**Q** 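Have a look at this one.
Labels below follow one simple rule: chain letters A, B, ... track the order of the sequence lines, proteins then strands, and each chain is numbered from 1. Since this is a predicted model, take the numbers as computed values, not measurements.
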Number of protein chains: 2
Amino acid sequence: MSTAPTRALEHPEREEIRLEAVLHALSDPMRLQVVRFLAELGEEGEAPCSAIELAISKSTTTHHFRVLREAGVINQVYRGTAKMNALRRDDLDALFPGLLDSVLGADAAQRQRTD
Amino acid sequence: MSTAPTRALEHPEREEIRLEAVLHALSDPMRLQVVRFLAELGEEGEAPCSAIELAISKSTTTHHFRVLREAGVINQVYRGTAKMNALRRDDLDALFPGLLDSVLGADAAQRQRTD
DNA sequence: CCCGTACTACGATGTTTATCGTAGTAGGAG
DNA sequence: CTCCTACTACGATAAACATCGTAGTACGGG
């Protein structure tokens with residue numbers, strides 16, 4: 001009925017994003033992998049959940065995306081049947097300058113070391 | 001007897017420190033408070049567990065210090081009856097350049113905002 | 001209207017975590 | 001040796017978390 005703008009998803013406002021929640025969200029390998037993937041898409045990059053191949057089930061994937069969204073790390077919007085995901089780089093950089101980049105850098109470095 | 005150097009504590013080597021573990025260790029408010037405290041002591045700063053007033057019981061405090069130590073965030077040594085704690089800044093900076101500083105900066109910023 | 005794709009909600013399970021209190025050990029001071 | 005201080009180990013508990021499978025809903029295309 002009417003023009004229901006596709007049901008909306010709960011996101012914390014920029015000011016509501018908590019450092020502890022962000023660190024917790026990033027402290028899981030699966031979620032870090034998602035963030036790395038989104039970061040590699042560049043500035044405006046967005047991707048459906050299905051674009052990221054994780055070695056876990058669909059329902060668990062949904063769970064991890066939700067953790068990331070609720071922590072304020074990613075933005076999720078319904079676009080037709082897909083759900084597009086994007087890093088909230090602007091918000092994170094504004095709140096915690098340099099944090100995201102050093103985490104991504106640390107991850108890349110560790111990955112290279114451990115390879 | 002001989003010169004038993006007071007019983008030793010398990011610490012990960014520099015190369016064994018995992019980013020995920022560090023992020024997880026830092027994602028708890030109590031532990032972040034400990035790290036902030038130690039960071040404020042400066043380069044060579046070290047302090048006994050009892051120097052940090054946490055709003056939790058002694059046994060829980062012990063637990064958090066252990067999590068930090070096992071993640072490679074702090075170094076603990078017995079010094080007489082006390083157990084001295086120090087940030088492993090050198091190791092962290094070498095492995096994850098900028099990470100610790102941006103977390104501490106982010107924490108300070110958030111604290112100022114939320115005050 | 002029916003179907004397929006994409007994602008979710010729910011309920012279950014096993015693991016980890018934060019927390020505590022009590023009882024203990026280790027080391028320095030008397 | 002005795003006592004005090006500092007910290008730990010253990011056992012318990014309640015909450016949170018990662019994971020799954022099944023059953024469902026939302027949307028676009030035929």
**Q** Measure CD1/Ile52(B) against C1'/dA6(D) and give the value in whole Å, please.
**A** 14 Å
**Q** Same cluster for Leu100(B) and Phe37(B) if Ile/Leu/Val/Met/Phe/Trp/Tyr side chains link at under 4.5 Å?
**A**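 Yes: a chain of side-chain contacts under 4.5 Å links Leu100(B) to Phe37(B).
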**Q** Rounded to the Å, how far apart are Met84(B) CE and dG27(C) C1'?
**A**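 Atom-to-atom, Met84(B) to dG27(C), this comes out as 15 Å.
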**Q** Expressed in angstrom and rounded to an integer, what is the separation of Arg79(B) atom CZ from dT5(D) atom C1'?
**A** 18 Å
**Q** Which atom pairs, one a donor and one an acceptor, fall under 3.5 Å between side chains of residues 26-35 of chain B and the rest of the protein, sequence neighbours left out?
**A**
residue  : atom : partner  : partner atom : Å
Ser27(B) : OG   : His24(B) : O            : 2.8
Asp28(B) : OD1  : Met30(B) : N            : 2.8
Asp28(B) : OD1  : Arg31(B) : N            : 3.2
Arg31(B) : NE   : Ala25(B) : O            : 2.8
Arg31(B) : NH1  : His64(B) : ND1          : 3.1
Arg31(B) : NH2  : His24(B) : O            : 3.3

**Q** Could you go through nucleotides 12-14 of chain C and list every protein N or O atom that sits under 3.5 Å from one of its N or O atoms, giving the distance for each pair?
**A**
none

**Q** Would the number of heavy atoms belonging to other residues, nucleotides or ligands and lying under 6.0 Å from CD of Glu10(B) be above 12?
**A** no
**Q** For the hydrophobic clusters of this structure (ILVMFWY residues joined by side-chain heavy atoms under 4.5 Å, transitively), does one cluster hold both Ile74(B) and Val77(B)?
**A**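 Different clusters.
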**Q** What is the distance, rounded to the nearest whole Å, between atom CZ of Phe65(A) and atom C1' of dA6(C)?
**A**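 The distance from CZ of Phe65(A) to C1' of dA6(C) comes to 12 Å, rounded to the nearest Å.
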**Q** Side-chain polar contacts of residues 49-56 of chain B - donor-acceptor pairs under 3.5 angstrom, sequence neighbours left out - could you list them?
**A**
none

**Q** Considering only dC7(C), dA6(D), dC7(D), which nucleotide approaches the side chain of Thr81(B) most closely?
**A** dA6(D)
**Q** Figure out the CD1/C1' separation between Ile74(B) and dC7(D), and round it to whole Å.
**A** 13 Å
**Q** How does protein reach along nucleotides 16-21 of chain D, written 5' to 3' as B (base within reach of a heavy atom under 4.0 Å), S (only sugar-phosphate), or - (no contact)?
**A** -SSBBB
**Q** Please report, rounded to the nearest Å, how far the C1' atom of dA9(D) is from the OH atom of Tyr78(B).
**A**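 These atoms are roughly 10 Å apart.
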**Q** Glu53(A) has an atom CD; how far is it from atom P of dA6(C), in whole Å?
**A** 11 Å
**Q** Using a side-chain heavy atom cutoff under 4.5 Å and only I, L, V, M, F, W and Y, what cluster partners does Val67(B) have?
**A**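 Same cluster as Val67(B): nobody, lone residue.
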**Q** Among the clusters formed by ILVMFWY side chains lying less than 4.5 Å apart, do Leu41(A) and Leu104(A) turn up in the same one?
**A**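 In one cluster: yes.
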**Q** Whole angstrom is fine here: how far is it from CD in Glu70(B) over to C1' in dA9(D)?
**A** 14 Å
**Q** Quick one: list whatever passes side-chain contact (heavy atoms from CB on, under 4.5 Å) with Glu46(A), sequence neighbours left out.
**A** Arg79(A), Met84(A), Ala86(A)
**Q** Quick check on Gln112(A): does its CD atom have over 12 non-hydrogen neighbours (other residues, nucleotides or ligands) under 6.0 Å away?
**A** no
**Q** At under 4.0 Å between heavy atoms, what does Thr62(B) touch on the DNA or RNA strands: base, sugar-phosphate, or nothing?
**A**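 Base, at least one base heavy atom under 4.0 Å.
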